[in-house]
Amino acid sequence: MLTVALLKENKDLVISGLRKKFVAQPEQIVDQVLEADSRRRTLQFELDGILSESNQKAKQIGELMKSGQKEAAEKLRAETAASKETSKALQEQLQQAESEVQALLVKLPNLPHHSVPEGRSAEDNVVVLEKGEKPTLAADALPHWDLIKKYDIIDFELGNKITGAGFPVYKNKGARIQRALIQFFLDQAVEAGYMEVQVPIFVNEDSAYGTGQLPDKDGQMYYATEDNLYVIPTAEVPITNIYRDVILKSEDLPIKNVGYTPCFRREAGSWGADVRGLNRLHQFDKVEIVQIATPENSYEVLLEMRNHIQGLLEQLELPFRILHLCGGDMSFTSALTYDFEVYSAAQKKWLEVSSVSNFESYQANRLKLRYKAEGKTQLLHTLNGSALALPRILAALLENNQSPEGIMIPKVLHRYTGFDKI
RNA sequence: AGAGAGUUGGCAGAGUGGUCGAUUGCGGCGGUCUUGAAAACCGUUGACCGUGCGAGCGGUCCGGGGGUUCGAAUCCCUCACUCUCUACCA
């Protein structure tokens with residue numbers, strides 16, 4: 001969430017940033033926020049005065065009662081009735097103004113970093129790096145949805161039977177390569193200094209709100225009505241919420257956490273084209289890296305995370321490219337996002353396998369995640385990235401590495417899989 | 001799931017209607033002493049909102065929300081969570 005102070009002090013900057021993210025009528029919304037906020041301040045000022053008076057009187061009544069001056073106390077008590085009504089009314093108005101500000105702010109996305117390219121859709125994203133060789137496959141090469149049948153390693157029909165579409169069953173070497181990838185990703189992150197955490201995959205409303213899934217992505221998450229819990233769409237939610245309502249010390253920074261979780265997405269509305277096989281699932285596995293950094297070095301940290309992810313793809317010997325997302329294609333909460341895509345040779349398609357973002361203080365403001373510096377408490381910056389999401393990695397590995405002898409497993413995974421081909 | 005007991009500052013733990021943002025201890029920070037350290041002693045130690053150039057001043061916060069009262073950490077309602085016993089279970 002953006003801060004009112006930012007809207008007030010850098011109004012033009014905010015408006016042009018919102019425009020870059022294609023927010024409709026940004027100046028109108030900003031003005032509404034500022035109006036509601038100034039109303040809020042006036043009300044607060046009035047209310048404080050009245051409360052101060054009432055506090056004084058209550059004290060006096062107490063003293064008079066104690067010293068036995070009942071009549072004087074009664075007289076004073078009668079006087080309080082009026083101010084009580086006024087303060088109650090003011091309190092309601094104040095609350096109203098506060099929630100107005102809140103409701104408006106919550107609907108504003110984060111501002112894009114100045115380097116973010118202009119553009120409305122994926123076509124406007126800028127390729128910042130392309131690396132690795134696209135394999136030339138035999139004429140009879142199969143897409144992964146055929147390969148998994150041929151080698152009987154992932155069973156969608158079985159998933160349909162047990163749960164429904166988008167919940168596959170991994171079998172045999174399919175299950176084992178999943179486990180190998182998770183283990184490999186976790187080990188790499190731990191080696192890079194991330195602390196491993198294992199977190200709940202159900203979160204409460206406060207947590208879903210804290211990282212910005214609510215109210216923006218309501219309806220995209222599975223929701224357990226009976227207990228009012230959301231099933232996580234990414235480990236970002238529980239991991240980042242570890243630090244909700246926390247004031248960190250400078251020496252604790254940066255915080256580096258990594259966690260593996262299954263992720264659940266309803267993908268309402270997006271079912272249709274481009275969703276065959278492993279390309280889009282309701283449940284998938286992902287290793288997520290999260291960092292919390294000071295505003296001064298969060299962009300350095302973002303690059304460090306980008307390099308970490310790049311290292312994983314290089315070790316897996318997959319051709320990939322990095323995109324600098326344009327304003328229109330970025331997520332609601334992000335200030336700068338790099339997407340990683342791997343090339344899946346049989347589909348002849350780039351598949352998104354990771355997204356690494358700096359949220360600056362947008363999440364931190366909602367989370368009330370702060371630190372003390374030079375005696376002042378101020379908001380931190382949060383960052384996260386997939387390192388990595390499994391299904392599309394697996395799709396690319398299967399397609400790119402198919403051969404008459406079987407599917408060759410990248411060397412780096414052998415010690416995890418215990419086999420070198422499928 | 002049933003019965004009962006709880007939730008207070010970084011932690012422990014007092015406080016059952018008035019001067020309580022809250023006794024005290026620990027921890028943290030600063031200082032005295034010391035070659036240095038420990039011990040001892042002294043001081044200090046929350047967040048948020050408003051207002052002011054500023055020192056400051058005012059307001060809110062004792063799990064969340066609501067209520068009673070001139071006045072609530074303290075009484076009432078409600079929700080969440082924790083603990084104990086019973087039941088169940090990996």
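Below, read A as the first sequence line, B as the second, and so on, with proteins coming before strands; counting in each chain starts at 1. As the structure is a prediction and not an experimental result, all values here were calculated from the model.
- Between the CG atom of A/L51 and the P atom of B/rC48 there is a distance of 21 Å, rounded to whole Å.
- Within the structure, every side-chain polar atom (N or O) of A/T80 is placed at least 4.0 Å from both OP1 and OP2 of B/rU69.
- By the 4.0 Å N-to-carboxylate-O rule, A/D245 lies too far from A/K368 to be salt-bridged with it.
- Not less than 6.0 angstrom separates the ring centroid of A/Y299 from the ring centroid of A/H381.
- Contacts of A/S54 with the nucleic acid, taken as non-hydrogen atoms under 4.0 Å apart, are absent.
- Between the side chain of A/T240 and the backbone N or O of A/V237 there is no donor-acceptor pair closer than 3.5 Å.
- A close approach under 4.0 Å does occur between a side-chain nitrogen or oxygen of A/K372 and OP1 or OP2 of B/rA47.
- With P as the reference atom, B/rC75 and B/rA5 are 14 Å apart, rounded to whole Å.
- The gap from the P atom of B/rG4 to that of B/rC77 amounts to 14 Å, rounded to the nearest Å.
- Taking atom CG of A/L47 as the reference point, atom C1' of B/rG59 lies 8 Å away to the nearest angstrom.
- When both distances must be under 3.5 Å, the Watson-Crick or G-U wobble mate of B/rG10 is B/rC26.
- Taking the C1' atom of each, B/rC62 and B/rA22 are spaced 8 Å apart, rounded to whole Å.
- Taking atom C1' on both nucleotides, B/rG28 is separated from B/rG66 by 38 Å, rounded to a whole Å.
- Look at B/rC85: its Watson-Crick or wobble partner, with both distances under 3.5 angstrom, is B/rG2.
- Map A/T42 and A/K84 each onto its nearest nucleotide of RNA chain B; the residue landing nearer the 5' end is A/T42.
- Of the candidate nucleotides B/rU51, B/rA47, B/rC70, B/rA47 has the atom nearest to the side chain of A/I247.
- Minimum atom distance to the side chain of A/F45 is reached by B/rG50, of the listed B/rG67, B/rG50, B/rG59.
- Using P as the reference atom, B/rC48 and B/rU44 are 22 Å apart when rounded to the nearest Å.
- OP1 and OP2 of B/rC70 both lie 4.0 Å or more from every side-chain N or O belonging to A/K75.
- With P as the reference atom, B/rA37 and B/rC49 are 39 Å apart, rounded to whole Å.
- Contact annotation: side chain of A/D48 to base of B/rG59, donor-acceptor pair absent below 3.5 Å.
- A close approach under 4.0 Å does occur between a side-chain nitrogen or oxygen of A/R40 and OP1 or OP2 of B/rG50.
- Between A/R370 and the phosphate of B/rC48, there is a side-chain N or O to OP1/OP2 separation shorter than 4.0 Å.
- At whole-Å resolution of the value, CD1 in A/I50 and C1' in B/rC49 are 17 Å apart.
- Ring planes of A/Y222 and A/F264: perpendicular class, angle over 60° (limits at 30 and 60°).
- Among the heavy atoms of the strands lying under 4.0 Å from A/N55 are primed sugar atoms or P, OP1, OP2 only; no base atom is included.
- Across all strands shown, B/rA39 has no partner, as no Watson-Crick or G-U wobble contact with both distances under 3.5 Å is found.
- In this structure, A/E405 does not pair ionically with A/K421, as no charged nitrogen and carboxylate oxygen lie closer than 4.0 Å.
- Distance check on atom C1': B/rA14 versus B/rG6 gives 16 Å, rounded to whole Å.
- Side chain of A/E399 to backbone of A/Q347: a donor-acceptor contact under 3.5 angstrom is found.
- Comparing the C1' positions of B/rU16 and B/rA72 gives an interatomic distance of 11 Å, to the nearest angstrom.
- Nearest to the side-chain atoms of A/K88 among the listed nucleotides B/rU68, B/rG18, B/rA47 stands B/rU68.
- A/D420 has no carboxylate O lying under 4.0 Å from a charged side-chain N of A/K411, or vice versa, which leaves the two without a salt bridge.
- One interatomic measurement links the two molecules: CD of A/E53 to C1' of B/rC70, which rounds to 13 Å at whole-angstrom precision.
- The residues A/E74 and A/R77 are annotated as salt-bridged, a charged nitrogen and a carboxylate oxygen being separated by less than 4.0 angstrom.
- Going from atom CD of A/Q56 over to atom P of B/rG58 covers 8 Å, rounded to whole Å.
- One interatomic measurement links the two molecules: CG of A/N228 to C1' of B/rC79, which rounds to 11 Å at whole-angstrom precision.
- Distance CD (A/E98) to P (B/rG50): 9 Å, rounded to an integer number of Å.
- Shown here, B/rC57 forms a base pair with B/rG50; the pair counts as Watson-Crick or G-U wobble because both key distances fall under 3.5 Å.
- Rounded to an integer number of Å, the gap from A/D206 CG to B/rG64 C1' is 9 Å.
- Each of A/T377 and A/R77 was matched to the nucleotide of RNA chain B holding its nearest heavy atom; the match closer to the 5' end belongs to A/T377.
- In this structure, B/rC20 forms no base pair with any nucleotide, since neither Watson-Crick nor G-U wobble geometry is met with both distances under 3.5 Å.
- Remark: B/rU74 base-pairs with no nucleotide in the shown strands. Criterion, Watson-Crick or G-U wobble with two distances under 3.5 Å.
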